[in-house]
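See structure below.
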Amino acid sequence: MSALFKAQMLAVSPLMEDRGIDEAYLDISELALDSEEIGRDIKRRVLEATQLTCSVGIAPNKLLAKMASELQKPDGLTLLAEDDVPRRIWPLEARKLPGVGPVTEKKLASFGIRTIGDIAAQPLSRLMAELGASHGNALYQAAHGRDERPVVVEREAKSRSRETTFAADIGDWQEIARTLVGLVREVVEDLHSEGVRGRTVGIKVRFSDFTTLTRDSTLAEPTDGEEQIRRVVFECLSRVSLDRRVRLLGVRVGNLVKTRPL
DNA sequence: TCTGGGGTCCTAGGACCC
DNA sequence: TCTGGGGTCCTAGGACCC
């Protein structure tokens, strides 16, 4: 996340969950101030530090806060209570519910489910049967505005990866090899700078027709060694038939463990 | 959005073990 | 000798998010 932005968020509350370059959750439940006043404070701070406006959502849980922040964009400040869900959330398109992407949206539409209210009106058992137990249950709870996830201040990374898309699709094995060697070096630098090692090493290959595949291999011991990771990467590559031109290559190291405290 | 570079989580099948 | 169930790990792919 942008350092300027992060500093402003932390100044408001140390209970901050980093959600990428320009998004964060703040737990302000222990602050004595009026929440709307806190919202205005956040917007003022961000504007002063970055010259950018932002949208703030204030709600009893992360899901509703996220949805509240989307209700008024850009430069919005929206308070949302649980009681507001039927009136303000249910009329929205299903796609607006976090967890509903293009694929799930299409699937829901095929059952005649078009709004978040439609999702909320379904029996839980049906959603679980159609979308899988985990996803179905998550969407059902979300459509009712329920979310128990805590604000997570420190999240340990599960994997590190680097990938690159070619300006023009390539078929040259030499260039593929060179690119992977470079990506391995970058991932290894990341592992070193973060003090982690990983046990699973893998590659990602996207072809010119956008089909994407992955190959990985798990070692007996975690490693951050460039040579060893490079060896595994080329072993993974040998399991891919390079019969089409390649658009993207990626290298990933997962199953991370800390090698030293930061 | 004819598609950038990170990530996370879930599912499913096979191997292996008890 | 044969059968079976359950648990865990690994691999691959898919959906989604910022």
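As the structure is a prediction and not an experimental result, all values here were calculated from the model.
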(request) For the pair A:S159 (side chain) and A:G254 (backbone), establish whether a donor and an acceptor sit closer than 3.5 Å, ignoring hydrogens and angles. (result)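 Such a contact is absent between A:S159 side chain and A:G254 backbone.
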(request) Return yes if some donor-acceptor pair links the side-chain N/O of A:D84 with the main-chain N/O of A:A81 below 3.5 Å, else return no. (result)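 Yes, A:D84 side chain to A:A81 backbone: donor-acceptor pair under 3.5 Å.
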(request) Taking heavy atoms of chain A and a 4.0 Å limit, find me the 5'-most and 3'-most nucleotide of DNA chain B within that range. (result)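 Counting from the 5' end, contacts occupy B:dT3 to B:dT11.
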(message) Any salt bridge linking A:R185 with A:E189? Criterion: basic side-chain nitrogen under 4.0 Å from a carboxylate oxygen.
(response)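 Looking at A:R185 and A:E189, the cut-off is not met.
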(message) Roughly how many Å apart are B:dT3 and C:dC18, using the P atom of each and rounding to a whole number?
(response)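 Nearest-Å result for C:dC18 against B:dT3 at atom P: 22 Å.
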(message) Do A:V152 and A:Y25 make a side-chain contact, defined as non-hydrogen atoms from C-beta onward lying under 4.5 Å apart?
(response)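 No, too far: nothing below the 4.5 Å cut-off.
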(request) Taking the side chain as every heavy atom from C-beta outward, state whether A:D18 and A:K6 have any pair of such atoms under 4.5 Å apart. (result)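 In short, these two side chains touch, coming nearer than 4.5 Å.
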Scan [X] against the nucleic acid and name what it touches under 4.0 Å (heavy atoms): base, sugar-phosphate only, or nothing.
{"X": "A:R239", "result": "sugar-phosphate"}
{"X": "A:T200", "result": "nothing"}
{"X": "A:K204", "result": "nothing"}

(message) What stems show up for DNA chain C when you take Watson-Crick pairs (N1-N3 plus N6-O4 or O6-N4) and G-U wobbles (N1-O2, O6-N3), both under 3.5 Å, and require three or more consecutive pairs?
(response)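 Stems for DNA chain C, defined as runs of 3 or more consecutive pairs: B:5-18 with C:5-18.
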(request) Kindly assign one of parallel, tilted or perpendicular to the pair A:W90 and A:H144, based on the angle between their ring planes and the thresholds 30° and 60°. (result)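 It falls in the perpendicular class, over 60°.
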(request) First locate atom CE of A:M16, then atom CD of A:E154, and finally report the distance between them rounded to the nearest 0.5 Å. (result)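 Between A:M16 CE and A:E154 CD, I get 10.0 Å after rounding to 0.5 Å.
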(request) Mind checking the CZ-NZ spacing from A:R252 to A:K204? Nearest 0.5 Å is all I need. (result)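 Atom-to-atom, A:R252:CZ and A:K204:NZ are 7.0 Å apart.
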(message) I want to confirm an ordering. Mapping A:R252 and A:R247 to their closest nucleotides on DNA chain B, which one lands closer to the 5' end?
(response)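 So the residue in question is A:R247.
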